[in-house]
There are 2 protein chains.
Amino acid sequence: MGQGRNQYQIIRSALCEQIESGALPAGTKLPPERLLSESFGTTRVTLREALSSLEADGMVYREDRRGWFVSPERIVYNPTVNTNFHTMVADQGRTPETRLISASLAPATTRIQKLLQLPPLTPVYRVQRLRLIDQRTVLYVENYINPEYFPGLLDQDLEQSLSDIYRTHYRTRYSKVNFRLYPVGIHDEAATHLRVTSGSSGLLVTRVNHDQKKRLIDCDFEYWRQDAIVITAQARK
Amino acid sequence: MGQGRNQYQIIRSALCEQIESGALPAGTKLPPERLLSESFGTTRVTLREALSSLEADGMVYREDRRGWFVSPERIVYNPTVNTNFHTMVADQGRTPETRLISASLAPATTRIQKLLQLPPLTPVYRVQRLRLIDQRTVLYVENYINPEYFPGLLDQDLEQSLSDIYRTHYRTRYSKVNFRLYPVGIHDEAATHLRVTSGSSGLLVTRVNHDQKKRLIDCDFEYWRQDAIVITAQARK
DNA sequence: GAGTGGTCTAGACCACACC
DNA sequence: GTGTGGTCTAGACCACTCC
């Protein structure tokens, strides 16, 4: 087992070994599939089987229609600590970046309305952003924010950390955070923005956030590239 | 996008709709791939593409060489709450079961030795178990336990919850727990026991556990079927 | 426009599950 | 032993990326 007798597992081990030895450093683009499959004396289908298996392990990743790349190290994400994306990434010696996709005021969908405990059709801020580590897209986030507590939010620079904006402009900070973590397939908008092929597996982190006055201020949906993070937390009793 | 113009996405939607409508209840075995591919007027390769995509979403799962099944609901797992597997599952109206695979005393590997902060080659208890929900294998666990604190542990009934044994026989309970959560590919032993095809994606939860006296008592590696759980936690500040 | 990845076809053999 | 899923071949076309 393990390195196996199957064709694709042999290819798997070969690539794996090259990556671990450092011959293929993080971020390297692999040769075209047709070329690789020839090198291994096999077909593209089998080669892709091997690559998909490495992808599940987080050793390689793909960008839709661009090719295969060697995965960088995972970022350690502790959702129980109230730090923000930029601080977290910078603290680990990596380079964070946030890109605003859109921000608008619109009626809450049923789901959002329920999560934020709002009356039907209340307008909420919807902010869509993309987050990168060392130039690689790792996270697509949608925030839904109760506008009552943050008048004029859309005029702020939304490529900053939201928690920074809350703190400096609204004297509000996250206090109680409920989060959930689903392994899911990534589709549609999230897939497009992350440059992931639709349906590939990822991690959905949803958060419902209260402030220091116990007000329900916002919720978010974070779609992470599956190989970008390891989640950590601590419990005491 | 979404339900898409591709063949496999059309099949995806069709199956998805059947499942959500309740026509295919949780646990149902799907018809053989050859039959299904004929029904959809396509080849097995394309059908499997569709099924794999549904698998990533946690809507169907497979048992190695046995076929495809409709996934049951996910169990909500809160690792920051010190409950045990049996209580957690039963509280959600499901039926838990634990099967002992093996239990023995053996020298710690380098990795375990480091995690448990032991001198080289210290013997540790190694317990391998399989856990089921409603007869479905969802979790393969390896525990590594410092034997100093639990003399005679191997004589206990290890199909019970370990935390129960610790509490009733050793007056010891979990106090501080550090855990980490990796999306990974499942291989080798874990794959075999979970009846998962080697390399399919899953969730690895590792825990390092201290007792009420702050002693480092054990650590474990939990390999979860990717569609079996949703993880939840709460943070306060 | 060339090349690449995404998708798809129409077969095949083998090993294992189940009868 | 039969049938199934797991693996593999040798092609093909299309849509997109990148030049």
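Values below: all heavy atoms of this structure, side chains included; hydrogens, waters and symmetry mates excluded. Here is the naming used below: chain letters follow the sequence lines, and residue numbers restart at 1 for every chain.
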Integer-rounded Å distance: [N] [atom2] and [X] [atom1]:
X: Trp68(B); N: dT4(D); atom1: CH2; atom2: P; result: 16 Å
X: Leu47(B); N: dT7(C); atom1: CG; atom2: P; result: 15 Å
X: Gln9(B); N: dG6(C); atom1: CD; atom2: P; result: 13 Å
X: Arg62(B); N: dC16(C); atom1: CZ; atom2: P; result: 17 Å
X: Phe69(A); N: dG5(C); atom1: CZ; atom2: P; result: 9 Å
X: Arg12(A); N: dT7(D); atom1: CZ; atom2: P; result: 12 Å
X: Glu63(B); N: dG6(D); atom1: CD; atom2: C1'; result: 15 Å
X: Lys29(A); N: dT4(C); atom1: NZ; atom2: P; result: 8 Å

Do any side-chain nitrogens or oxygens of [X] fall under 4.0 Å of OP1 or OP2 in [N]?
X: Arg48(B); N: dG6(D); result: yes
X: Thr42(A); N: dC8(D); result: no
X: Arg44(B); N: dG5(D); result: no
X: Thr46(A); N: dT9(D); result: yes
X: Thr197(B); N: dG5(D); result: no
X: Arg66(B); N: dC18(C); result: yes

Tell me whether the side-chain N or O atoms of Arg34(B) pair up with the base of dG3(D) as donor and acceptor below 3.5 Å, since no angle test is needed here.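 Flag unset: no donor-acceptor pair detected.
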
Taking all non-hydrogen atoms of both residues into account, name the closest pair between Cys16(A) and Met59(A) and its distance.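 Shortest heavy-atom contact: SG-SD, 3.5 Å.
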
Quick check, are the ring centers of Trp224(A) and Tyr77(A) under 6.0 angstrom apart?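 Yes, close enough.
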
Is the shortest heavy-atom distance from the side chain of Ile186(B) to the side chain of Leu194(B) under 4.5 Å?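 Contact flag for Ile186(B)/Leu194(B) side chains = yes.
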
Determine, for Tyr144(A) and Arg111(A), whether the Lys NZ or Arg CZ falls below 6.0 Å from the six-membered ring centre while staying within 45 degrees of the axis.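 That pair does not qualify as a cation-pi contact.
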
Looking at Phe85(B), does the NZ or CZ of Arg129(B) lie under 6.0 angstrom from its six-membered ring centre and within 45 degrees of the ring axis?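 Verdict for Phe85(B): no cation-pi partner in Arg129(B).
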
Given that Asp64(A) and Gln7(A) both sit by DNA chain D, which one's nearest nucleotide is further toward the 5' end?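 In this pair, the answer is Gln7(A).
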
